[in-house]
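In listed order, ligands and their atoms are each counted from 1. Hydrogens, waters and symmetry mates play no part in the numbers below; they use all other heavy atoms, side chains included. The structure presented is a predicted model; accordingly, all values stated were derived computationally and were not measured.
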Amino acid sequence: MAANKSCFLKESSPKMSKTYKLEVKTGTDLAAGTCSDVSIVLVGVNGESEEHRLFHKWSNFISGALTKFTIPGNEDIGELLFIRLSMQSYLNFPLDPWYCNYVNVTCPEGQTYQFPLYQWILKCESVEIPEGKGVVITKNTSPALQQQRKLELGKKRETHKWKVYAEGVPRCIDLADDDPKNLPPNEHYSFQKQADFIYTSNSTGLEVKLNGYTSNTDSWHNLEDIKLVSSLRKSGYSDIVSDIWTEDTFFGSQYLNGINPTLIKKCVKLPNDFQVNDDMVAPSLGECSDLQKELERGHIFLADYELLKDIPANTINEKRQYIATPMCLLWKNTQDQLVPIAIQISQTPEENVPIFLPTDSKYDWLLAKIWVRSADVQLHEVDTHLLRTHLLAEVFSIATTRQLPMGHPVHKLIIPHLRYTLEINAFARTRLIGEKGVFDRALVTGKGGVPVLLKKAMAKVTYSSLCLPDDIKERGMEDIPNYLYRDDGMEIWTAMERFVSKIINHYYKSDEMVKEDPELQAWVAEIFTEGFLDNESSGVPHSLENRASLIKYLTMVIFRCSAQHAAVNTGQFDFYSWMPNGPTTMKKPPPSTKGGTTMETILEALPDVNCTAAGISTVWVLSNEPMDRRRLGDYPDKHFTEKEPQDYIREFQSDLHTISTRIQKRNKTMRLPYPYLDPSHIENGVSI
Ligand code: FE2
């Protein structure tokens with residue numbers, strides 16, 4: 001075994017009798033190149049080569065370069081297991097980081113090995129890259145490879161440590177000073193994405209236009225003024241929402257195809273504290289005026305905001321804000337539309353808690369619906385969006401880095417779906433839900449209420465609620481017509497499960513292999529402990545017994561990070577830019593009697609001007625994925641180098657294309673289309 005020997009290699013050495021031919025690919029990000037020297041050591045089953053310093057030329061490692069080298073191959077090191085790359089200063093230039101995509105090595109005997117990396121290599125660091133074939137550790141695995149994987153994980157556990165964000169909440173990445181700048185380099189947005197994100201966040205046009213609003217702590221005087229600020233930016237559907245927001249059919253449809261499509265449940269028995277009777281709903285039900293029969297027929301649905309009980313309300317602009325815990329009863333009418341038929345704004349039935357009905361005065365009914373929408377914003381943003389996609393995706397990301405080495409097939413499968421999650425979450429903790437963040441300036445939950453709500457919501461998270469088919473079944477939502485979140489989501493889930501199944505069955509030839517894979521089991525156990533806080537009652541597995549359970553688990557992980565996040569993220573501006581459809585807070589208590597509501601009292605209860613502006617500018621940023629996007633199933637980083645998984649990827653892409661075509665065709669016929677689960681609009685990971 002040669003050690004500590006080094007020699008310079010030119011780009012080509014045709015006279016050498018036995019040679020290795022190298023192809024080295026540098027990433028395409030603007031800052032990917034390096035002017036430092038790069039060295040390589042080849043490690044095979046019979047030992048390792050001497051260290052070869054690759055020929056220095058200014059263009060060898062510039063952004064996007066694919067450079068060929070030849071190095072001597074006089075020692076028989078056998079089948080290659082991994083390579084070791086390191087960097088040294090060129091002359092007296094300072095070391096600068098390098099983004100390496102991959103290295104291909106062709107042996108003297110003609111066999112080519114691929115070493116995919118797609119990561120930054122930092123100064124004074126050496127990186128070992130395993131050969132691209134996915135390997136599950138068994139007792140027959142080479143000791144050298146096992147050692148490489150241990151060393152890799154040991155290093156990564158130093159840079160990716162867990163931290164308690166708040167009691168009862170999934171743990172997050174531990175950053176020095178809680179500063180996103182201190183993220184490990186491979187977790188940062190690319191230069192291009194960062195630049196676009198900053199531009200969108202600070203978009204001068206919007207900021208200037210909003211300037212007059214951001215310091216205004218008054219109430220709105222009329223709806224027309226709200227329209228002025230809500231239309232400073234436009235999405236495809238925000239104008240339509242502002243036109244139809246008072247319609248009961250639109251209100252109901254948002255539970256199926258809006259931004260929070262996982263709250264509603266079939267109701268077979270009324271809650272004890274929500275005593276709606278036949279007389280109340282007879283005018284709504286018309287010919288079907290028997291409520292009990294409609295319950296039995298499965299035509300009655302409930303949206304219950306009980307989770308918001310005892311959440312402390314924020315103070316904004318030195319004014320107390322109010323949070324409500326409504327219950328809303330909905331009916332699938334004879335035209336297969338979902339419409340609200342009764343609203344109680346509190347969980348407790350008291351004399352001063354009326355049950356509001358569509359037959360009440362126009363403004364009484366409208367205000368009751370606004371209270372429900374405001375409660376929905378809180379649960380959507382904190383539970384459905386932040387907790388069940390962003391924070392869980394962060395757990396999956398950290399556990400993957402710490403427990404699954406690059407050569408593991410599950411690492412290769414899910415790493416594209418964890419791209420940039422730590423960056424956006426670190427941003428969210430500082431700029432959105434942290435001290436003086438948007439939540440504190442504009443949402444009733446605020447920085448005080450968010451951790452409390454997260455903890456309550458976390459206690460309710462179950463494995464079945466995270467798996468789409470089980471979730472639909474448990475909520476009794478299998479049959480309701482026009483539930484496009486369900487229909488589109490199930491098609492994607494099925495295609496994803498098929499893809500995952502092919503990959504897993506390729507690498508795991510038996511259920512025993514799953515059970516006995518120490519890295520995989522450590523990964524699942526760490527997610528259970530750090531993410532689900534060892535909560536056995538959640539039903540989340542802490543170990544996996546067979547291939548079927550692994551396939552379901554991985555489908556859940558990938559679906560959550562991609563499709564589920566798209567379903568609850570992308571439409572934020574569409575539905576919330578017209579503020580009365582999604583008030584971030586309410587600054588008057590809920591009405592205690594009927595008959596007293598006017599448009600003036602509604603405007604007094606809605607968020608102040610500056611809260612509205614903060615909400616609109618935030619959802620504008622969050623609804624626009626910055627550049628450097630990768631849509632679902634798009635894997636330009638080739639972590640899998642074998643033929644079979646690449647075939648499976650193409651089949652997955654073809655399935656997604658078919659789904660996309662169907663959705664786009666359907667959407668052309670709709671007044672308010674549902675594009676959020678069109679695979680061509682879904683990002684691979686949680687990155688905004
Ligand atoms: Fe998001």
Modelled atom types, side-chain donor and acceptor of Asn624 and Thr200, under 3.5 Å: no

Taking only residues two or more places apart in sequence or in another chain, which ones pass side chain to side chain contact (heavy atoms under 4.5 Å, CB included) with Tyr463? Cys467, Val540, Pro541, Lys552, Tyr553, Met556

Hey, is Glu423 close enough to Lys193 for a salt bridge, meaning N to O under 4.0 Å? no

Sorted by chain and number, sequence neighbours left out, side chain to side chain contact (heavy atoms under 4.5 Å, CB included) with Ser253 holds for Phe250

State the count of protein N/O/S atoms located less than 2.8 Å away from the Fe ion (ligand 1). 5

Could you tell me how the ring of Tyr99 sits relative to the ring of Trp120: parallel (under 30°), tilted (30 to 60°) or perpendicular (over 60°)? perpendicular

Can you list the residues that meet the side chain to side chain contact (heavy atoms under 4.5 Å, CB included) rule with Ser654, with sequence neighbours excluded? none

